Number of protein chains: 4
Amino acid sequence: MSRTIGSNGPKTMEAIYAAGLGLIYRHGYAAMSLRQLASEVGIQPGSLYNHIRTKQDLLFSLLQTHMETLLHALNEALEPHTTPEEQLRAFVAFHVNYHITRRAEVFICYSELRSLEPANYEIIVSLRRAYERRLMMILAGGNAEGAVTVPDIPATAYALLAMLTGVCTWYKPGGRLSPEDLVALYTELTVRAAKPLPSLHTQT
Amino acid sequence: MSRTIGSNGPKTMEAIYAAGLGLIYRHGYAAMSLRQLASEVGIQPGSLYNHIRTKQDLLFSLLQTHMETLLHALNEALEPHTTPEEQLRAFVAFHVNYHITRRAEVFICYSELRSLEPANYEIIVSLRRAYERRLMMILAGGNAEGAVTVPDIPATAYALLAMLTGVCTWYKPGGRLSPEDLVALYTELTVRAAKPLPSLHTQT
Amino acid sequence: MSRTIGSNGPKTMEAIYAAGLGLIYRHGYAAMSLRQLASEVGIQPGSLYNHIRTKQDLLFSLLQTHMETLLHALNEALEPHTTPEEQLRAFVAFHVNYHITRRAEVFICYSELRSLEPANYEIIVSLRRAYERRLMMILAGGNAEGAVTVPDIPATAYALLAMLTGVCTWYKPGGRLSPEDLVALYTELTVRAAKPLPSLHTQT
Amino acid sequence: MSRTIGSNGPKTMEAIYAAGLGLIYRHGYAAMSLRQLASEVGIQPGSLYNHIRTKQDLLFSLLQTHMETLLHALNEALEPHTTPEEQLRAFVAFHVNYHITRRAEVFICYSELRSLEPANYEIIVSLRRAYERRLMMILAGGNAEGAVTVPDIPATAYALLAMLTGVCTWYKPGGRLSPEDLVALYTELTVRAAKPLPSLHTQT
DNA sequence: GATGAATGAGCATTCATTCAT
DNA sequence: AATGAATGAATGCTCATTCAT
């Protein structure tokens, strides 16, 4: 009803990204219609195309921005740490904190990979591999020093990442456990899993 | 003019479920069209309605059948075991084996919950909670006995389930690691995570 | 309002072709909307797709059917005739008669060539070349015998075809001139143009 | 932010007409979008409206300018000639030369008549009728003097015009035949068609 | 004179579903 | 149990046009 008039440029763009992120998170890319999106933003469907090229492009931008921000933030978080165990703890703390504050981005970055066209898929997947490699290198460093001992580095990395990322699916802000609790919990589980049980090894 | 070849009779139903499972797994429920499904089955779209009531019904049947089969199989797998650690190992072995052989069912059972209508959603989620409770009870039993010591039972259960279920997303049959290797690996990681690091506790 | 129900197969198909032909003739391919077409046929827009694959396909089918029918009919019309002048007269009579009874088909076959996708374009253009070649061969036969003398066979053929086809743009059934009058007129003009002016040649 | 480069000032108008002519010629009025046009001109779609009132107006201006220029040029070309045969030859030479140098204008002036709104249509069609009347009056003058003898003046005029105008559809600059060749060819064909075959008439 | 963001209508096409046969 | 033709709503996207800046 209330007709907005005149240039509204960058605000509209941000609103589209924000609303698009939420809709894809809640309903999925295929199930989100651009009419819904436009209506949440408060413009007509056709007007979306002053800001995005296609629906696919919106998804790709969302994922790419997220992955690049994530990688950059990870690098900053790991920088000060030198020993494998410190790095592992820093990784867990960073991952959990980042993932519970950006649940939507993280979630769609896993769930909507299949909605990407092949060329876009390759780009996002290679960014994700770079992220996974950081964890693998930490584990490898630990294995080398003996501070950390994991059975199979890639498989363990995938297992730990799945565990840590899973927090997104059940964490709700304001719930029983605070972010700090979660970081403590996941750090404990990860560090345990990454170290051999001394008794077992002593006995062997 | 007359009867076109294609699947017929009771086989059609099975073919619809099998093709539907694959399509939802690969493309997602919203992105799968009943025309695609019919064409994979070898019938006309209208003919689907001799076998299913609606698209939603097909999804629900797939998930419900999966969850009930899963729960039943879990009960059988846990039955012979009595101590918490044995039960935990049995749970991991069962979960990993089952999940890597039914990757599609397992995957859509997580990813397509949001595509369920509210009534159907409640039914599936409560089945899933029953499954999760089994793990929580094992952990609780372990904590009670001291054989296993986890910081927060529900949170640990979710973390472990996420880790174990994650195997579906990267396991490919015929890959570097055999199912037995995976069971061994995940058992090791789970048991480590579920037991305190003696050094820590000795020192405290 | 009045809902037509049940199978109406081949009739609908014919109605789509007939209405499509008329709409493309009157408004042009680009300016014809499938909504218009559906409404002329008396069905919903989506129902068109039970009969045609795409809008482009409809255009192509119309043109291809026309060109193949035209070529076939020309062959029949020319068959009984043997001398170049007889063949030329038969060609003119056939062309004029056919073109004033199928004005729409003929018109769109010229005007909508540019609306065809490349692959379809090639097919239609090669059919049209086959038609033009028939006239060129008649002229060549005449030149050889001396019964007919034209300056440049391809250019003359194009000129005559343009002249003869032009009848479509101004002929209206029931007008001042009957089809027979037109055939007589165009035959006279064509035969005159195809024969040298004796005076000119005597003098040279 | 500030002023974008691109065409500016009075040149923009010319660029719009030139690009519009080419686009309508190649794709047709309905199939040409103002976005395409703007992009060829190097401005934004909205900026077009500083120069044209509507898309329809652009088409009308193009056709009106063409027709008025054409009529004026014809008058100049015919002025020096007095006998019907001289006038007929002058008409053919003018028409062919003009049409092969302004193929686009000529083509759209026939093909896009139907895209004109009724009021605009009437104006253009009446200009075209004035052009056709010039040829009819030449033929009538010839018939009166006996120098030229055609069966039915309007029909013959339409036939000849169609033949002469057809040159646009197949002439390509730099092809096998030069403009002079074409003028000679079309003059020959026209003069032949406009004169009776003496032999026929002697025998009758 | 140009921009960029907006509108509202319209586009070709696809969808889940129905139903007479 | 299957078909094929239909529906009506929805899809992503494009259109000519407007207008504050």
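Chain identifiers are assigned alphabetically (A, B, ...) following the order of the sequence lines, protein sequences preceding nucleic acid strands; residue numbering begins at 1 within each chain. Keep in mind that what you see is a predicted model, and the values were worked out from it rather than measured.
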*Asks:* Where each residue is assigned the nucleotide of DNA chain F containing its nearest heavy atom, which of A:Q56 and B:L48 is assigned the position nearer the 5′ end?
*Replies:*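 Residue closer to the 5' terminus by nearest nucleotide: B:L48.
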*Asks:* Output the single nucleotide from F:dG12, F:dT17, E:dT3 whose closest atom is nearest the side chain of A:K55.
*Replies:*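 Side chain of A:K55 sits closest to F:dG12.
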*Asks:* CD of B:Q36 versus P of E:dT17: gap in Å, rounded?
*Replies:*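 Nearest whole value for this atom pair: 15 Å.
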*Asks:* Output the rounded distance in Å from NE2 (B:H27) to P (E:dT14).
*Replies:*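 Those two atoms, NE2 and P, are 16 Å apart.
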*Asks:* Report the distance from atom CZ of B:R102 to atom SG of B:C109, rounding to the nearest 0.5 Å.
*Replies:*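 With rounding to 0.5 Å, CZ (B:R102) is 12.0 Å from SG (B:C109).
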*Asks:* From C-beta outward on B:T54, which listed nucleotide comes closest to its side chain: E:dG1, E:dT17, E:dT7?
*Replies:*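 In terms of side-chain proximity for B:T54, the closest of E:dG1, E:dT17, E:dT7 is E:dT17.
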*Asks:* Treating D:R128 as the side-chain partner and D:M67 as the backbone partner, does any N or O pair qualify as donor plus acceptor under 3.5 Å?
*Replies:*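 Checking the backbone N and O of D:M67 against the side chain of D:R128, no donor-acceptor pair under 3.5 Å is found.
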*Asks:* Given 3.5 Å as the limit, does a donor-acceptor pair link the side chain of D:S126 with the main chain of D:I123, or not?
*Replies:*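 Yes.
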*Asks:* Please determine if a side-chain N or O atom of A:H51 lies less than 4.0 Å away from the OP1 or OP2 oxygen of E:dG4.
*Replies:*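 For A:H51, the contact criterion (side-chain N or O under 4.0 Å from OP1 or OP2 of E:dG4) is not met.
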*Asks:* Nearest whole angstrom, please: distance from the P of F:dA16 to the CG of D:L34.
*Replies:*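 These atoms are roughly 4 Å apart.
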*Asks:* Which whole-number value in Å describes the distance from A:M13 CE to E:dA6 P?
*Replies:*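 Rounding to the nearest Å, CE of A:M13 and P of E:dA6 are 11 Å apart.
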*Asks:* Rounded to the nearest 0.5 Å, what separation is found between the CG atom of B:L21 and the CD1 atom of B:I16?
*Replies:*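 CD1 of B:I16 is found 13.5 Å from CG of B:L21.
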*Asks:* Classify B:M32 by what it touches in the nucleic acid, base, sugar-phosphate, or nothing, heavy-atom distance under 4.0 Å.
*Replies:*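 Since only primed, P, OP1 and OP2 atoms lie under 4.0 Å of B:M32, the category is sugar-phosphate.
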*Asks:* Taking atom C1' of F:dC13 as reference, at what distance in whole Å does atom CG of A:L37 sit?
*Replies:*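 Interatomic distance, CG of A:L37 to C1' of F:dC13: 14 Å.
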*Asks:* Starting at OH of A:Y49 and ending at C1' of E:dT7, how long is that distance when rounded to a whole Å?
*Replies:*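 In whole Å, E:dT7 C1' lies 16 Å from A:Y49 OH.
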*Asks:* On DNA chain E, nearest-nucleotide positions of A:G46 versus C:Y29: which is more 5'?
*Replies:*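 Its nucleotide being nearer the 5' end, the pick is A:G46.
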*Asks:* Can you tell if the side chain of C:L34 reaches within under 4.5 Å of the side chain of C:Y49, non-hydrogen atoms only?
*Replies:*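 Contact flag for C:L34/C:Y49 side chains = yes.
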*Asks:* Hey, is the side chain of C:R35 pairing donor to acceptor with the base of E:dG10 inside 3.5 Å?
*Replies:*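 Check fails, no donor-acceptor contact within cut-off.
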*Asks:* First locate atom CD of A:E112, then atom CD1 of A:I24, and finally report the distance between them rounded to the nearest 0.5 Å.
*Replies:*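 Going from the CD atom of A:E112 to the CD1 atom of A:I24 covers 6.5 Å.
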*Asks:* Between C:T12 and F:dA6, does any side-chain N or O lie under 4.0 Å from OP1 or OP2?
*Replies:*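 Yes, such a contact exists.
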*Asks:* Would you say that more than 12 heavy atoms from the other residues, nucleotides or ligands in this model lie under 6.0 Å from the OH of A:Y110, or not?
*Replies:*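 Count over threshold, so yes.
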*Asks:* What contact category does C:S47 fall into here, base, sugar-phosphate, or nothing, at under 4.0 angstrom with non-hydrogen atoms?
*Replies:*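 The answer is base, as C:S47 lies within the cut-off (heavy atoms under 4.0 Å) of a base atom.
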*Asks:* Between D:L62 and D:E105, does the side-chain contact (heavy atoms from CB on, under 4.5 Å) criterion hold? Intermediate values first, please.
*Replies:* CA-CA 8 Å; D:L62 244 19; D:E105 286 91 338; over 6 Å; no
*Asks:* For the helix from E:dA2-F:dT21 to E:dT21-F:dA2, figure out the bend between the end axes, five pairs an end, and round to 10 degrees.
*Replies:*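 Between the axes fitted at each end of the helix from E:dA2-F:dT21 to E:dT21-F:dA2 lies an angle of 0°.
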*Asks:* Report the nucleotide, chosen from E:dG4, F:dA5, E:dT13, that has the shortest atom-to-atom distance to any side-chain atom of D:Q44.
*Replies:*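 For D:Q44, the side-chain atoms sit closest to E:dG4.
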*Asks:* Go through E:dT18, E:dC11, F:dT17 for me and flag the one nearest to the C:S33 side chain.
*Replies:*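 Nearest nucleotide to the side chain: E:dC11.
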*Asks:* For DNA chain E, whose closest nucleotide is more 5', that of A:I43 or that of C:I52?
*Replies:*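 Result of the comparison: A:I43.
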*Asks:* Please compare A:A31 and C:N50 by the position of their nearest nucleotide in DNA chain F and report the one closer to 5'.
*Replies:*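 Per heavy-atom nearest nucleotide, the more 5' residue is C:N50.
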